[in-house]
Amino acid sequence: MLAMMAIACLAVLCSCTQQKKATEVGLQVKTQYGVLEGFEQDGVKKFLGVPFAQAPVGELRWKAPQPVQPWEGVREAKQFGDDPMQPNIFGDMAFRGTGRSEDCLYLNIWTTAKTTADALPVLIYFNGGGLMAGSGSEPRYDGSSIAKEGVVGVTANYREGVFGFFAHPDLTAASDYKGSGNYGFLDQVAAIKWVKENIADFGGDPDRITIVGESAGSFSVSLLMCSPLSKNLIAGAMLSSGAEVLPYLPASQADADAAGAELLKRAGIASLADAMAIDADSLQKILPPRGMSNVVLDGYFMTESADDVFERGEQAQVPMLAGWNSLEAHPMQALQGQAPTLKNYKNAMKAQFGDMTDEIFEAYGITADEDVMSQKGFDLVSDLFTGFPTWKACDYHAKTGLPVYRYHYMHPRPQVSAKMGDKTGALAGGVREKTEEEKKAQQPSIAPGAVHSADIEYAMGTLDTNEYYDWQEEDYAISKLFLSYYANFCKTGNPNGEGLPQWTAITKDNLDAAPVMKIDVESKEVASPEREKAYRTLEKFYRSKK
């Protein structure tokens, strides 16, 4: 009898457990902090403006994010929360938030899960913008398309500019961990932790969280892979145009504090208390975001440089997918109006490369005037901006034996739509007014490659959210391919799938001829020992300066 009762109890327990696992994901979801009500559109359930931390206002300005306070009743999650405070810096940024304020720590969720038992993989996207601007509400990061691929999409705001990356001796002394300056990065950690704790209720798998970012978001991802606060919370990492490794180095806490104190002094602000009393709009005008230190060795978020962590192979032990674009920068930026000749290009670079100028140019195959404005010339300046550190992160990570899938995104954006008038594509996204020469030209101008940030709409399947450009069938085909790679990687740690060009992982055994997926109209995998040699030559230069 006792045995039969035990079996019966076990059956009831199992039944309850199964019921719990199979809870329906409706438009009202109960999180650890309260009930959220979203809405459904085109088969995707959306929960927007979800608070993942307390508003960093008042006494919480320039403090680490604090846990969100529980709420009573049902909280509507049907519109984006406020975007982070920021000036209008970049022409390619459009926002859907209700406004801009310090009260910006919100995330957004897109899911097609029917029950919690679906346990779909999760992607969290951190926006670019130089740590000065950007938001999870930007249409290009929208999670609807990735959700339709069976991945729960998440975007999360983080504090930008002076609100997210200001250090000061008094802030350091007052904090529990005796550090300051990394508030934006700590916001990202808080967002990951919130997702880890709550995403199962939205049909997501908390053990399959992949983080991704572009530009400043990509640099952030590399740091999150190294921070003791976050590196064990993720299952995958995708980097798009940037990594906080060689040659990028962090600031010491002392140096960051000194820079912050000097910033207040130059602005005529007598004390930190006075700065705290200034409203956000005024403060943003007085303390512009440019020229500030980014990551700080605060002994909390970062205890040592990401480069040191990667070099020892102690970063997050997860698969990596990483790459950059073919036109991250342009030789004319270095030439500053001079004719694009080999002599001028070398002279422009000599201040940086010194005695290694000839060796580096030789390694990149830039040996004649016609090479300056070719892909070889683009490669050099693009690598100096984002290509080399992204390559180095891949190189470090592959040496651990973990799979690394590297890409080079090649496809130029199409013509600017005719409804934009006398405008053309800008180098780093968005549009600009045409020059008189461009207006007179018979053929419309198109950048000779994929400019910085051009990959975002393709990878996230959000081309239609950008009305600047006259998207063609080939653009949609490339986007479908790129999005499939992203979704597959989130699901399995491997981008490959049926009908897609085969993509081989870089490992410690094939570093000298690393396979790279060239994403374009005709996407294919290539291996180029010559390009790897060029990276090694640039690495030799950077190490000589370290």
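Here the structure is a predicted model, which means the values were calculated and not measured. Residue numbers run from 1 in the order of the sequence given.
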Evaluate the side-chain proximity of Ile209 to Leu233: yes if any heavy-atom separation is below 4.5 Å, no if none is. no
Gln188 side, atom CD; Phe126 side, atom CZ - distance, nearest 0.5 Å: 5.0 Å
Pair listing, ring-ring contact (aromatic ring centres under 6.0 Å, His included) test, anchored in residues 479-498, at least two apart: Tyr407-Phe482, Tyr409-Phe482, Phe482-Tyr486, Tyr485-Trp503
Does a side chain donor of either Asn127 or Glu160 reach within less than 3.5 Å of an acceptor in the other side chain? yes
List in chain and number order the residues that pass side chain to side chain donor-acceptor pair (under 3.5 Å) with Glu72, two or more places apart in sequence or in another chain; answer none if no residue qualifies. none
N/O donor-acceptor pairs under 3.5 Å from side chains in residues 80-87, not counting sequence neighbours:
| unit_1 | atom_1 | unit_2 | atom_2 | d |
| --- | --- | --- | --- | --- |
| Asp82 | OD1 | Thr98 | OG1 | 2.4 |
| Asp82 | OD1 | Gly99 | N | 3.3 |
| Asp82 | OD2 | Ser101 | OG | 2.8 |
| Asp83 | OD1 | Ser135 | OG | 2.5 |
| Asp83 | OD1 | Ser137 | OG | 2.7 |
| Asp83 | OD2 | Gly97 | N | 3.3 |
| Gln86 | OE1 | Gly134 | N | 2.7 |
| Gln86 | NE2 | Pro84 | O | 3.0 |
| Gln86 | NE2 | Gly134 | O | 3.0 |

Any side-chain donor paired with an acceptor under 3.5 Å for Glu149 and Ser484? no
All side chain to side chain donor-acceptor pair (under 3.5 Å) counterparts of Gln69, not counting sequence neighbours: none
For residues Thr172 and Ser180, is any side-chain donor paired with an opposing acceptor at under 3.5 Å? yes
Assess whether atom CD of Gln79 is packed by more than 12 heavy atoms of other residues, nucleotides or ligands within 6.0 Å. no
Less than 4.5 Å apart, side chain to side chain, heavy atoms only: is that true for Ile278 and Ile269? yes
Return the set of residues passing side-chain contact (heavy atoms from CB on, under 4.5 Å) with Tyr125 (not counting sequence neighbours), or none when no residue passes. Leu123, Tyr141, Thr155, Val212, Glu214, Ile456, Met460
Will you find, in the side chains of Asn466 and Glu457, an N or O donor that is under 3.5 Å from an N or O acceptor? yes
According to salt bridge (charged side-chain N to carboxylate O under 4.0 Å, His left out), does anything in residues 54-69 pair up with another residue at least two apart or in another chain? List the pairs. Arg61-Glu102
d(Ser453 OG, Arg140 CZ) to nearest 0.5 Å is 5.0 Å
For Tyr405 and Asn494, what are the C-alpha separation, side-chain angles and deciding distance, and is it a side chain to side chain donor-acceptor pair (under 3.5 Å)? CA-CA 8 Å; Tyr405 297 91; Asn494 184 328; 3.3 Å; yes
Min side-chain heavy-atom separation Tyr458-Asp475 under 4.5 Å: yes
Any luck finding a side-chain donor-acceptor pair between His408 and Ser326 under 3.5 Å? no
Quick one: does Glu304's side chain get under 4.5 Å of Val309's, heavy atoms only? yes
Determine which pairs satisfy salt bridge (charged side-chain N to carboxylate O under 4.0 Å, His left out) with at least one residue from residues 194-203, sequence neighbours left out, and list them in order. Lys196-Asp207
pair Phe202-Thr116: side-chain heavy atoms closer than 4.5 Å: no
Under the side chain to side chain donor-acceptor pair (under 3.5 Å) test, which residues partner Asn325, sequence neighbours left out? Asp455
Holding to ring pair (Phe, Tyr, Trp, His ring centres under 6.0 Å), I want the full list of residues that pass it with Phe185, two or more places apart in sequence or in another chain. Phe165, Phe301
Show me the donor-acceptor pairs within less than 3.5 Å that the side chains of residues 46-55 make with the rest of the protein, sequence neighbours left out.
| unit_1 | atom_1 | unit_2 | atom_2 | d |
| --- | --- | --- | --- | --- |
| Lys46 | NZ | Gln41 | OE1 | 2.6 |
| Gln54 | NE2 | Pro67 | O | 3.1 |

Are there over 12 heavy-atom neighbours, none belonging to Lys178, within less than 6.0 Å of that residue's NZ? yes
Does CD belonging to Gln66 count more than 12 external heavy atoms closer than 6.0 Å? yes
Who passes side chain to side chain donor-acceptor pair (under 3.5 Å) against His168, sequence neighbours left out? none
Within a strict 4.5 Å, meaning less than it, do heavy atoms of the Tyr106 and Val68 side chains meet? no
Got a second to check how far Asp205's CG is from Cys490's SG, nearest 0.5 Å? 12.0 Å
If you measure only the distance, is there a donor-acceptor pair under 3.5 Å linking the side chains of Ser305 and Asp307? no
Is it the case that the side chains of Ser282 and Asp279 hold a donor-acceptor pair, with the cut-off being a distance below 3.5 Å and no angle test? yes
Do Leu297 and Gln253 come within less than 4.5 Å of each other through their side chains, counting heavy atoms only? no
Applying side-chain contact (heavy atoms from CB on, under 4.5 Å), name anything that partners Lys78, two or more places apart in sequence or on another chain. Glu37, Phe39, Glu76
